[in-house]
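One structure below.
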Amino acid sequence: MLITILVSAGVVAAVGLILGALIGFTAKKFEVQTDPKIEAVQELLPGANCGGCGYAGCADFASAIVTKGADPSGCSACSDAMLAKIAEVTGKAAGKKEKMTAVVFCSGSFSRSARAADYNGILDCRSASIVAGGGGKACRFGCLGYGSCARACPFGAIEIRDGLAVVHPELCRACGKCVNVCPRKLIRLVPASAPIHVYCNSLEKPAKRRKFCKNPCLACKKCIRTDENHMQMQAGLVRVNYSNPPEASFVEQVKCPTGALQVEEIHRKIAALKPVEPAPKAAPAPKKEESK
Amino acid sequence: MNSPIRTWRFHGGVHPADGKALSNSVPAQRAPLLERYTVAIQQNIGAPPKPVVQKGDTVKKGQLIAEPGGFVSAPVHAPTSGTVGDIVEVPGANGGAIPAIEIISDGKDEWGSGLDPIPNWKNTDREILKKRIADAGIVGMGGAAFPTHVKLSPPPEKVIDTLILNGAECEPYLTADHRLMLERTEAVLEGAAIAAKILRVDRVFLGIEENKPDAIAALNEKAGQYGVTVVPLHVRYPQGGEKQLIYALTGRSVATGGLPMDVGCVVQNVGSCAAIRDAVVEGHPLIERYTTVTGTPVANPGTWILRFGTTVEQALTFAGGVKARAAKVIMGGPMMGFAQTSLGVTVTKNSSGILLLQWKETAEYTSNPCIRCGRCVRACPMKLLPGPVSVMVESENYDEAEKNYVMDCMECGVCTFVCPAKRPLVQHFRRAKAEINAKRRAAKAKQA
Amino acid sequence: MSEEIEKNNIALPEPGSLVLSTSPHVQDGDSIARIMAKVLICLLPAVAASIWFFRFDAVRILVYCASFCIFAEYGWTLATRQAATIGDYSALVTGVILALNLPPGAPWWLCLIGSVFAIIVVKELFGGLGQNPFNPAAAARVALLVGFAGPMTQWAAPATGSLVSGATPLGAIHAVQGSADAMAQLGAPDNLMKLFLGNVGGSIGETSALAILIGGLGLMAFRLIKWQIPLAMIATIFVFTGIVHLAAPGLTPGPLYHILSGGVMIGAFFMATDMVTSPITPLGALVFGGVIGVLTCIIRIWGAYPEGVSFSIVIANALVPLIDRMCYIRPFGWHSHSVSALNIRRGEIK
């Protein structure tokens with residue numbers, strides 16, 4: 001009995017030794033020289049592989065930084081501290097970049113916007129936008145609320161609150177995935193330092209906007225008259241001048257008649273309010289979550 | 001029913017409850033003159049036409065109000081005499097808002113199309129006839145709204161030997177083509193003869209489903225004079241699909257991504273044929289059409305001759321409104337029509353029907369997973385794999401979907417009709433086609 | 001003006017209350033629950049036969065498995081906070097088929113383990129109905145056969161029969177292997193008749209070929225299964241065992257004996273045809289049935305286990321993605337030359 005145990009233990013040990021030696025030999029023999037810097041840089045990158053830098057993931061970007069001299073600040077998801085560390089590794093100063101954040105320019109949650117129909121179909125904005133009318137909301141410029149952007153966000157920074165996508169700026173790393181995925185082109189990257197935004201994207205006739213939404217921008221230009229340096233018209237829409245954004249107190253000053261011009265934090269809080277109207281009668285069945 | 005020629009049976013297909021009994025015995029009625037029409041400017045596939053009238057202009061019935069914006073485009077004409085109002089926005093049948101020209105009727109309803117009748121078309125040059133069809137704004141009235149004169153101008157290298165008239169009307173509930181073939185039999189056949197002359201073909205088939213025996217009898221009586229062979233076909237959706245109809249009548253299959261003219265065929269809707277005849281023999285441009293207003297909630301279902309620019313609301317009023325609560329208002333048939341959210345949608349050249357459905361009749365979509373029962377595979381007339389492809393689309397794997405020929409899907413809805421899991425398959429395929437088309441456009445832009 | 005007044009009396013649909021969805025706007029009304037209910041109806045003859053032959057044992061096992069399966073699925077949906085799915089009856093179908101695959105002496109805990117394995121491990125862990133790569137009942141039978149060989153092979157004679165206790169028709173093959181005479185005796189017409197009616201030992205639901213055949217024809221009449229699968233499977237077994245029997249009469253009895261005995265019938269009609277785990281194309285279904293048939297014969301004739309149907313089904317289930325890929329359907333209008341023409345148009349081939 002003992003001998004059996006000893007023999008088997010011996011055999012296993014011998015096999016282990018031989019294989020170990022083989023592995024060690026091949027590892028030395030066929031070793032591929034990689035720049036240790038690439039690995040070090042890759043460690044410092046966020047590792048979300050969001051693709052916001054234009055490269056195929058963080059590993060690709062790391063090697064581009066080291067070998068091709070790409071600017072690490074091309075990674076919008078990196079914090080300044082991390083960029084400084086990367087600069088230490090590469091020995092090259094990283095460019096300065098302004099912290100950006102995504103903003104969904106809509107305030108039409110389910111309870112604050114008119115419904116045109118009960119939508120019954122795939123709960124995904126891009127699929128819904130293909131069906132005539134696109135989703136249940138009457139406004140054909142606003143947020144559909146089926147969360148394509150939230151599923152596309154690699155950082156979990158977008159939340160759907162009562163049928164309205166809201167961005168959490170503290171989580172947003174401005175990779176721009178949501179910007180590309182939104183079928184209504186509602187999302188833009190703006191400097192994170194801007195505290196207020198005009199939450200409306202409607203190009204409808206102003207009279208109709210009021211019918212469709214509780215907080216539409218009616219393009220009355222009251223805010224532009226208050227301070228032309230801070231506010232401006234862009235392609236038919238009133239927008240904050242992001243090269244010279246106003247302070248949060250600007251909202252008090254303007255007293256926007258509809259509340260479309262709103263402080264970011266308050267906008268988020270309003271969206272979190274419970275819907276006041278009863279749920280739609282033909283609530284679409286929940287969609288099996290796409291694993292993304 | 002005996003068929004005069006050999007017919008072929010296409011793969012798959014379904015037999016939905018057809019609901020045609022609601023309206024197929026009601027003679028078509030001419031809608032009363034309205035005070036105001038909002039005529040959509042773009043009623044064709046291809047380039048949008050350009051308005052040629054100003055606000056305040058006086059127009060006669062049939063006068064040109066928008067000229068074609070290119071070769072693949074069709075002009076639009078005033079539905080009645082009166083004055084031109086604003087260019088307004090009306091809801092489009094496919095969603096969004098589309099510009100439309102407002103015509104305020106003067107109540108006189110005077111013709112003034114500027115097109116001369118050509119009663120002696122047999123001795124008229126083909127090019128003149130073709131130009132007349134283009135000037136009259138005739139498009140495919142079965143649904144696609146493809147300009148007819150383009151279809152009648154195949155490139156010289158394509159040999160066309162067969163003209164096929166599509167009178168199948170396989171969509172459930174719709175009876176507009178049925179009433180048209182019954183009531184305007186000779187107009188349909190004469191229009192077909194004109195189209196055959198333009199194409200220089202002597203083989204003209206009229207494919208019609210067997211569920212319209214009265215129309216078949218009426219057509220057979222007159223068809224010989226015009227050189228048309230009326231072919232009764234089995235009742236099976238989508239018998240009226242272009243590729244399916246060509247296969248059923250000639251046994252030729254149009255290649256994936258190909259066109260009917262690749263196999264020597266041109267397919268025309270019977271409504272377009274009647275319009276060709278009116279344009280040539282009477283000199284009347286296309287300003288009205290047979291449209292079925294039907295559905296169980298409709299008080300008096302039937303077929304109406306509606307002028308373009310009539311809203312759905314007005315059309316429903318003609319039919320006596322609703323007697324039960326409607327859950328869906330559909331432009332077109334139940335299989336391929338578009339659900340509407342507003343009654344302000346206007347009747348256009350391809351509005352074959354306005355269908356209302358009740359709650360219990362409408363499809364209810366869920367997001368159950370595919371159970372791979374294979375019914376969609378059995379039913380798909382294009383022989384695709386709808387279930388597995390929808391799973392690929394669900395995981396946004398569009399490349400794989402493209403390899404599985406999702407672009408060949410014609411959105412006939414057969415797979416979705418039979419799906420026991422009630423998956424919105426057609427929506428998945430529309431999404432995939434949109435994404436793949438966007439990708440191809442991007443690739444093309446990159447190349448350029 | 002009179003028209004105006006008349007118009008006001010006319011009821012119109014209210015915009016805002018309309019349903020917006022993609023086409024088509026009608027459905028044929030069949031649902032997963034109705035499909036499963038039809039499958040249950042088709043299982044009734046086999047259930048009746050099992051109760052007829054095994055009396056209380058069959059009732060006990062059927063009740064155990066059905067309720068355990070339903071509880072397992074309901075518990076899983078509760079625990080994972082999903083919408084309850086027992087309403088689609090698929091758990092009930094799994095429970096009944098699993099019960100029909102158990103020996104009459106199966107204790108309650110064997111039913112429990114089998115049910116939990118079938119529902120939780122084989123189905124729900126893979127994502128629920130529609131996502132499972134293996135047939136839950138077949139996989140559970142395999143698991144029980146491997147894990148609990150003792151209780152799974154304690155056969156009892158049917159209550160109405162006079163067969164020697166403990167032997168199944170397939171066990172008999174192994175017992176007499178080598179003797180051509182004994183094999184010929186097994187294949188005798190009266191013996192085959194017994195197999196056909198089900199008056200033999202075996203799992204409670206698999207013995208009566210007749211009852212299963214009635215249910216199977218029902219499945220085909222309802223168009224719930226692809227007829228190619230049972231056809232290909234039974235035909236392959238017939239041909240394969242026929243050839244082996246002719247070549248070596250002492251090795252195995254004739255083909256009819258094989259088809260009527262063991263789990264071939266219930267496997268062919270109720271387990272291999274599970275839509276989730278079988279190929280979606282008709283040609284694929286033929287190949288799939290053939291693979292199961294060949295594997296079954298190999299296991300039965302040369303394997304250590306007397307029965308191989310559930311093993312074969314599980315192995316073939318694993319091959320389904322491959323078979324689906326192989327047995328591709330070309331779309332309508334596909335010609336070899338059309339593909340290149342299309343690609344030229346797309347600019348892919350110059």
Side-chain angles (χ1 to χ4, degrees), chain B residues 10-11 14 16 172 243 253-258 313 316-317 320-323 326-330 334-343 356-357 361-363 365 368-374 377 381-385 387-388 405 408 411 413 416-418 420-422 424 426-427 430 440, chain C residues 3 6-7 9-35 85 88 90 127-131 223-224 226 274-282 285 320 324 328-335 337-339 341-343 345-347:
Chain B
F10 66 88
H11 178 265
V14 287
K243 292 180 176 181
S253 46
V254 180
T256 66
E313 186 174 349
L316 284 174
T317 313
V322 292
K323 58 187 180 200
K328 247 182 196 173
V329 175
I330 299 157
M335 295 301 281
M336 287 186 79
F338 293 94
Q340 301 302 317
T341 57
S342 145
L343 300 181
L356 270 59
L357 291 177
E361 297 167 319
T362 52
Y365 293 115
N368 291 330
C370 172
I371 56 165
R372 295 171 50 85
C373 64
V377 178
M382 294 306 292
K383 291 172 89 176
L384 308 178
L385 299 171
Y405 301 94
D408 278 311
E411 300 169 16
T416 319
F417 177 79
V418 297
K422 305 194 187 303
V426 169
Q427 196 176 5
R430 286 210 180 122
R440 285 187 188 168
Chain C
E3 198 186 306
E6 203 178 278
K7 195 174 162 181
N9 294 334
I10 286 172
L12 288 170
E14 311 153 36
S17 70
L18 299 173
V19 180
L20 179 65
S21 80
T22 182
S23 62
H25 307 288
V26 287
Q27 284 166 332
D28 72 355
D30 218 347
S31 65
I32 296 177
R34 284 181 65 162
I35 287 181
T85 52
D88 64 19
S90 65
L129 181 68
Q131 320 275 343
R223 304 200 74 176
L224 293 173
K226 296 177 189 75
D274 171 14
M275 28 181 99
V276 177
T277 57
S278 60
I280 203 160
T281 63
V320 163
D324 259 343
Y328 195 82
I329 315 181
R330 298 290 184 200
F332 175 75
W334 189 92
H335 315 293
H337 63 268
S338 72
V339 169
L342 183 68
N343 290 345
R345 197 169 302 147
R346 275 190 210 148

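Proteins come first, then strands; the chains are lettered A, B, ... in the order of their sequence lines, and each starts at number 1.
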Under 4.5 Å from any heavy atom of chain C - which part of [X]:
| X | result |
| --- | --- |
| B:P381 | backbone |
| B:F338 | backbone |
| B:K323 | neither |
| B:V377 | side chain |
| B:E361 | backbone |

Notebook entry, point to check: Among B:G337, B:A326, B:G374, B:C370, who wins on heavy-atom pairs under 4.5 Å with chain C?
Noted result: B:G337
Note to self: Taking every non-hydrogen pair under 4.5 Å, which of B:L384, B:I330, B:L316 racks up the most with chain C?
What the structure shows: B:I330
Next item on the list: Given side-chain contact (heavy atoms from CB on, under 4.5 Å), test B:Q340 with C:L18 step by step and report yes or no.
Entry: CA-CA 8 Å; B:Q340 301 302 317; C:L18 299 173; 5.6 Å; no
Please state whether the side chain, the backbone, both or neither of [X] comes within less than 4.5 Å of a heavy atom of chain B.
| X | answer |
| --- | --- |
| C:D324 | side chain |
| C:I35 | side chain |
| C:T85 | neither |
| C:R34 | neither |

Check: B:V426 and C:P24: which non-hydrogen atoms are nearest, and at how many Å?
Finding: CG2-CD, 3.9 Å
Note to self: Restricting to non-hydrogen atoms, name the atom on C:P13 and the atom on B:L343 that form the minimum distance, rounded to 0.1 Å.
What the structure shows: O-CD1, 3.4 Å
Next item on the list: Please confirm whether the backbone N or O of B:G387 pairs with a side-chain atom of B:R372, one donor and one acceptor, at under 3.5 Å?
Entry: no
Note to self: Holding to side chain to side chain contact (heavy atoms under 4.5 Å, CB included), I want the full list of residues that pass it with B:C373, two or more places apart in sequence or in another chain.
What the structure shows: B:I371, B:R375, B:P420, C:M275
Margin query: Between C:H25 and B:K328, does the side chain to side chain donor-acceptor pair (under 3.5 Å) criterion hold? Intermediate values first, please.
Written below: CA-CA 8 Å; C:H25 307 288; B:K328 247 182 196 173; 3.2 Å; yes
Check: Who are the ring-ring contact (aromatic ring centres under 6.0 Å, His included) partners of C:F332, not counting sequence neighbours?
Finding: B:Y247
Note to self: To the nearest 0.5 Å, what is the distance between CD on B:E411 and OG1 on C:T22?
What the structure shows: 7.5 Å
